[in-house]
Amino acid sequence: MVKRIISENYVKSRIPKGFNLEAARMVQRRLASMVATTPLRQPVDLVTGIDVAYRGNYAYSVAATYSMELNHVIEYGCYEGEVTFPYVPTLLSFRELSPMIRAFMRLKRRPQVVLIDGHGVAHPYRLGIAAHFGVVMGLPTIGVAKSLLYGEVKGSLIIDPSNGEVIGGVVGCGRHEVYVSVGNMITLNDALVLISRLCLRDRMPEPILYAHTMANRVKHSGCINALI
DNA sequence: GCGACAG
DNA sequence: ATCTTGTCGC
């Protein structure tokens, strides 16, 4: 239904002076080749959602670990710091990956799956931030986005217009819909089922919803005050 | 030819 | 994403 092709000229006009876009694309292609679409190898209880909020040149990221058995968050991880790269479509991970990893690393417990606010392989170079995070951390990840960046929606699937491959799916989340794609170490079907189960409220699955709320709280009160 | 474009 | 008042609804 929707078809999109990213303009590389637009990307070039937005990247910082001196940034080697060709090298970045090579890195994305290489990491994309390391994405695994293998089934999960353990039952899922702990699911961490990560989101980032901004104010000026500062980023506030939160990792919220949700227990599917207990139906609530068991732990938060937080990070706040200056951002070093602008928002450029297709290069989101160069801006948000570091803040996300720093918040995630503050968690004491390790989840079975990580949910990222953004796309997984539904990306022109097959390396959206969820896939980037998954490959770098060596963990199962799923990309959950509120709008489409790349691909063509046919029914409830997202198709790569360049080769016809299935790169993601659409899941109803309350009144809205979210675009789901594999990040790493999970199958698309498992990803779609899991996200559906976690869409208890509107807009986003629970773990990301909590991360989003807390990221905004951190933006106003700081890491220490917000998480106590 | 211009514009599209995750957060 | 963020900048922002009032306003609608539970």
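The model shown is predicted, which means the values in this text are computed figures rather than measured ones. Each chain gets a letter, A, B and so on, in the order its sequence line appears, and its residues count up from 1.
- In summary, contact between chain A and DNA chain C, defined as any nucleotide atom under 4.0 Å from a heavy atom of the protein, begins and ends at C:dA1 to C:dT2 in the 5' to 3' direction.
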For the pair A:M34 and A:N184, evaluate side chain to side chain contact (heavy atoms under 4.5 Å, CB included) and give the outcome as yes or no after the intermediate values.
-> CA-CA 9 Å; A:M34 297 171 71; A:N184 191 37; over 6 Å; no
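- The interatomic distance linking A:Y179 (OH) with B:dG7 (P) rounds to 10 Å, in whole Å.
- For residues 148-197 of chain A, the pairs satisfying disulfide (SG to SG under 2.5 Å) are A:C173-A:C199, with sequence neighbours left out.
- Side-chain atoms of A:S33 and A:R29 form no donor-acceptor pair, as typed in the model, at a separation below 3.5 Å.
- Residues in residues 77-96 of chain A take part in these ring-ring contact (aromatic ring centres under 6.0 Å, His included) pairs, two or more places apart or across chains: A:F19-A:F85, A:F19-A:F94, A:F85-A:F94.
- When the C1' atom of B:dA6 is taken as reference, atom CD1 of A:I129 falls 9 Å away, rounded to whole Å.
- When the C1' atom of B:dA6 is taken as reference, atom CD of A:E177 falls 16 Å away, rounded to whole Å.
- A donor and an acceptor atom, one from each side chain of A:Y210 and A:D51, are nowhere located under 3.5 Å apart.
- Looking at A:D190, A:V47, A:V178, A:I208 one by one, the single match for side-chain contact (heavy atoms from CB on, under 4.5 Å) with A:I195 turns out to be A:V178.
- Spacing between atom CD1 of A:I208 and atom C1' of B:dA6 amounts to 12 Å, rounded to whole angstrom units.
- For the pair A:R217 and A:Y76, the cation-pi criterion (under 6.0 Å, within 45° of the ring axis) is not fulfilled.
- Sparse packing is recorded around CD of A:E69, with 12 or fewer heavy atoms of other residues, nucleotides or ligands lying under 6.0 Å away.
- Atom C1' of nucleotide B:dA6 and atom CG of A:L149 are separated by 5 Å, given to the nearest angstrom.
- Under the 4.5 Å side-chain heavy-atom criterion for ILVMFWY residues, no single connected hydrophobic cluster contains both A:Y54 and A:Y58.
- When heavy atoms are screened at a 4.0 angstrom cut-off, A:L91 is found touching base atoms of the nucleic acid.
- Nucleic acid contact for A:Y10: base, since at least one base atom lies under 4.0 Å from a heavy atom of the residue.
- Out of B:dA4, B:dG7, B:dA6, the shortest distance to the side chain of A:D117 is found at B:dG7.
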Intra- and interstrand pairs of DNA chain C - dot-bracket, Watson-Crick/G-U under 3.5 Å, | marks other strand = ..........
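- A close approach under 4.0 Å does not occur between any side-chain nitrogen or oxygen of A:S7 and OP1 or OP2 of B:dC2.
- At whole-Å resolution of the value, CD in A:Q28 and P in B:dA6 are 15 Å apart.
- Put simply, OH on A:Y125 is 16 Å from P on B:dA6, counting in whole angstrom units.
- Under the 3.5 Å distance criterion, with hydrogens and angles disregarded, a donor-acceptor pair is assigned to the side chains of A:D160 and A:S162.
- Contacts between residues 82-90 of chain A and DNA chain B, defined by a heavy-atom separation below 4.0 Å, involve A:Y87, A:P89, A:T90, listed by number.
- Between A:Y54 atom OH and B:dA6 atom P there is a gap of 13 Å when expressed in whole angstrom units.
- For A:R55, the CZ atom counts as densely surrounded, since its 6.0 Å shell holds more than 12 non-hydrogen atoms of other residues, nucleotides or ligands.
- A:A53 comes within contact range of the sugar-phosphate backbone alone, with a heavy-atom separation under 4.0 Å but no base atom that close.
- Counting only Watson-Crick and G-U wobble pairs whose two key distances fall under 3.5 Å, DNA chain B forms no stem of three or more pairs.
- Under the 4.5 Å side-chain contact rule for hydrophobic residues, A:L188 and A:V171 share a cluster.
- No continuous path of ILVMFWY side-chain contacts below 4.5 Å connects A:V44 to A:F104, so the two sit in separate hydrophobic clusters.
- The two residues A:H123 and A:G120 make their nearest non-hydrogen contact at CB-O, 3.8 Å.
- Residue A:K146 has no polar side-chain atom (N or O) positioned under 4.0 Å from OP1 or OP2 of B:dA6.
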